[in-house]
Amino acid sequence: MDKLKQNLAPGPATLPAAPCPPACPDIEPPTVTDRMLHAALGRMTSGISPAALALAWTDWTLHLALSPGKWARLSEKALRKAGRFGDYAARAATADAQPCIAPLSQDRRFSGEAWQQWPFNVIHQGFLLNQQWWHNVTTGIGGVSPHHEQVVSFVARQLLDIVSPVNFVATNPDVLQATVEQGGMNFVHGAAHLADDWWRMLTERPPAGAENFVPGRQVAVTPGRVVLRNRLMELIQYAPTTPDVHAEPVLIVPAWIMKYYILDLSPRNSLVKYLVDRGHTVFMVSWHNPGEADRDLGMDDYLRLGVLAALDAVSAIVPDQPIHAAGYCLGGTLLAIAAAYLARRRDERLHSLTLLAAQTDFTEAGELSLFIDDSELDYLEDIMWHQGYLQTRQMAGAFQLLRSNDLVWSRIVNDYLLGQRQPLTDLMAWNADATRMPYRMHSEYLRRLFLKNDLFEGRYRVDDRPVVLADIRAPMFVVATEADHVAPWKSVYKINLVAGADVTFVLTSGGHNAGIVSEPGHRGRRFRMARRTNGDPYLAPDDWVAATPTRDGSWWHAWADWLAAASNGRTAPPALGAPDQGYAPLDAAPGRYVLER
């Protein structure tokens, strides 16, 4: 009980006197005036630094202006494309007209049959040619920094997506057909959807249909009890469903950027339920949704009050047994830090380490790195300094921009022009149930990991000593997803460069979320899996893909078999909690923190 009271004791409500984040001690502290200005601007720019954009644009324009050869090449390409387009337009009304340009593999905007008919085939082919030319304009210019080139190319793509023919009534055949068939009622329905969405945004309410996916009612319903609650997290222990269980418990650490129940959605696609039904004793960390009073929480707090506190609880409830630990996304990165820290201390509680779409190297972090540089982080830190946290809207906006065709424009067309409201799924409802990021932690995470790559390069320090991934000796099961825009699979694969233990690497179909929520029976799922023992020669990512055959089905089965093979046998299920050790059962799952908004 004393331990529980200590964990629940509130921490300081304000930062230490030094106004500069601890991740940048050598930088002269900014003035309050500058920070207030940046925070005010941030509300108008959705957290995007105008200085960062201006630096990228200036770098690009100056180098382009000093590249007459590039101008000549662009002019030549423009003339060639104009010729191809003119030839196609002359034949477009005939049945045998072949497209003069194919969209990118992930671009499904023009795949419908109506887009292949005249004049819409001419319209979309002209747009694709124009889009390709602007890609040539913004890339391949000598002297431009790779980061600035990516930013400029990304912004150009966003601007082009705004004027895509899909987004306008007169140039979208599907909208025109719906208008004729419904006598314009699609616009009436669309206006009603727009008004409802606007009202929900102003009142900060969840999207329509979210009331059908409330944690503890329709989702996150696997039975269990909270066995530990501190300032930062709740630890849930799930009730067994089998007469005996594997001796080693499983601790899951989700990302604190999201609610944990993505891994315990509906009973049909709950990873937690799947593991429990396979005879595993499962524990889950449920993170507190921080507010202004939590601005001082840092990465060390997430390590100690989160992963290490959870490990202590699991060891007390299931004594004398090593632990299978699994981490998802940022939770996997934090778990890797914890595993390296424990390895340095010769603490052998971890029986295995599973990383799900989790990066340990951030040099190839995908398009999310577009929003990460010194200018942007300085701006973001001033916004968080004023608020005490990063708002959910600011974070969600960045992720939506990465897939604007799928997450922004297609929804606008479907909801407001076609007047069709796509039914909300459990995964979509979860995605809208976001969490905030404390000022100190988010600054440390972005600077130390994303910007400086301290963990992978051996500079990340705990207790003023570096933690090194190569010290980890527990076998690893690492899952990456093919279409991940948050943790690109080749970035996740880099764990093979530093691992000092056996690594079973899995590459599964799907994206960052849908690829992990890949329950057995999910149509179209496939994966590759291969084991690399410590000392085996390293294979480059593309070589690994070429050498590893594809398997149909869900990777869940493969992971469950891997866990079972590492088990020391089965035993009677442990009790829920350990009151005599200070871990008395509290609220029923899903607990309190998952309901915080």
Side-chain angles (χ1 to χ4, degrees), residues 4 7-11 200-239 251-267 269-273 276 282-295 297 301-302 305-306 309-310 313 328-331 387-396 424-438 441 513 517 576-577 583-597:
L4 182 60
N7 285 336
L8 283 171
R200 289 176 181 273
M201 183 186 70
L202 292 178
T203 57
E204 297 186 354
R205 295 177 180 270
E211 63 277 5
N212 298 321
F213 301 100
V214 178
R217 297 181 186 175
Q218 295 86 9
V219 293
V221 295
T222 304
R225 296 294 293 268
V226 173
V227 294
L228 169 64
R229 178 183 296 121
N230 60 33
R231 180 188 178 189
L232 190 52
M233 66 91 175
E234 292 177 328
L235 182 66
I236 301 170
Q237 180 184 356
Y238 292 95
L251 170 64
I252 302 178
V253 182
W256 54 88
I257 200 172
M258 57 181 72
K259 298 289 181 70
Y260 83 86
Y261 66 92
I262 185 176
L263 302 175
D264 186 26
L265 284 170
S266 306
N269 59 357
S270 166
L271 179 58
V272 169
K273 183 178 185 302
V276 171
V282 179
F283 293 82
M284 173 72 74
V285 170
S286 175
W287 298 105
H288 163 57
N289 193 2
E292 186 176 358
D294 301 306
R295 62 186 300 144
L297 291 172
D301 294 305
Y302 276 78
L305 291 177
Y328 179 26
C329 187
L330 302 186
Q387 299 170 167
Y389 52 82
L390 184 66
Q391 291 181 343
T392 59
R393 293 195 305 273
Q394 293 165 325
M395 198 155 36
L424 209 67
T425 65
D426 52 4
L427 189 58
M428 294 165 63
W430 164 85
N431 195 51
D433 191 9
T435 57
R436 296 175 289 273
M437 299 290 104
M441 180 283 301
N513 297 325
V517 184
L576 293 181
Y583 301 104
L586 304 173
D587 303 65
R592 301 179 190 176
Y593 284 172
V594 74
L595 302 176
E596 294 176 326
R597 291 191 178 276

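- Ion pairing between Asp301 and Arg231 fails under the 4.0 Å rule for side-chain N and carboxylate O.
- Rounded to the nearest 0.5 angstrom, Arg225 CZ and Leu586 CG are separated by 7.5 Å.
- Using modelled atom types and a 3.5 Å distance limit, the side chains of Asp426 and Tyr261 yield no donor-acceptor pair.
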Evaluation steps, side chain to side chain contact (heavy atoms under 4.5 Å, CB included), between Tyr238 and Asp264
CA-CA 11 Å; Tyr238 292 95; Asp264 186 26; 4.0 Å; yes
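- At a threshold of 4.5 Å between non-hydrogen side-chain atoms, the residues Val221 and Pro267 count as touching.
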Could you walk me through whether Val227 and Ile236 pass side chain to side chain contact (heavy atoms under 4.5 Å, CB included), step by step?
CA-CA 6 Å; Val227 294; Ile236 301 170; over 6 Å; no
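- In this structure, CG on Leu265 lies 7.5 Å from OG on Ser270, to the nearest 0.5 angstrom.
- No side-chain donor-acceptor contact under 3.5 Å links Ser266 to the backbone of Asn269.
- Leu305 CG to Leu228 CG: the interatomic distance, rounded to the nearest 0.5 Å, is 9.5 Å.
- Side-chain contact between His288 and Asp294 is present, with at least one heavy-atom pair separated by less than 4.5 Å.
- Scanning both residues, Ala589 and Thr222, for their nearest heavy atoms gives CB-O, 3.8 Å.
- In terms of heavy-atom proximity, Asn289 sits nearest to Ala434 at ND2-O, 4.1 Å.
- Residue Pro254 forms a side chain to side chain contact (heavy atoms under 4.5 Å, CB included) with just one option from Leu330, Ile262, Val285, and that option is Val285.
- With a 4.5 Å cut-off on side-chain heavy atoms, Val214 and Val219 do not count as touching.
- Between the Thr435 side chain and the Trp256 main chain, a donor and an acceptor come within less than 3.5 Å of each other.
- Residues Gln237 and Met284 have side chains not in contact (no heavy-atom distance under 4.5 Å, counting atoms from C-beta outward).
- Between atom CG of residue Leu263 and atom CH2 of residue Trp430 there is a gap of 8.5 Å, rounded to the nearest 0.5 Å.
- Judged by distance alone, the side chain of Asn230 and the main-chain N or O of Met233 form a donor-acceptor pair under 3.5 Å.
- Going from atom CZ of Arg597 over to atom CZ of Arg436 covers 10.5 Å, rounded to the nearest 0.5 Å.
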Yes or no on side chain to side chain contact (heavy atoms under 4.5 Å, CB included) for Asn513 and Asn431, after CA distance, side-chain angles and deciding distance?
CA-CA 9 Å; Asn513 297 325; Asn431 195 51; 4.2 Å; yes
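- Listed for the Glu234 side chain is no donor-acceptor partner under 3.5 Å among the backbone atoms of Gly591.
- The distance from the CD atom of Glu211 to the CD atom of Gln218 is 9.0 Å, given to the nearest 0.5 Å.
- Applying ring-ring contact (aromatic ring centres under 6.0 Å, His included) to Trp287 and the options Tyr593, Tyr260, Tyr328, Tyr302 leaves one that passes, Tyr302.
- A donor-acceptor distance shorter than 3.5 angstrom exists from the side chain of Arg200 to the backbone of Pro206, with no hydrogens or angles considered.
- Listed for the Lys259 side chain is a donor-acceptor partner under 3.5 Å among the backbone atoms of Glu596.
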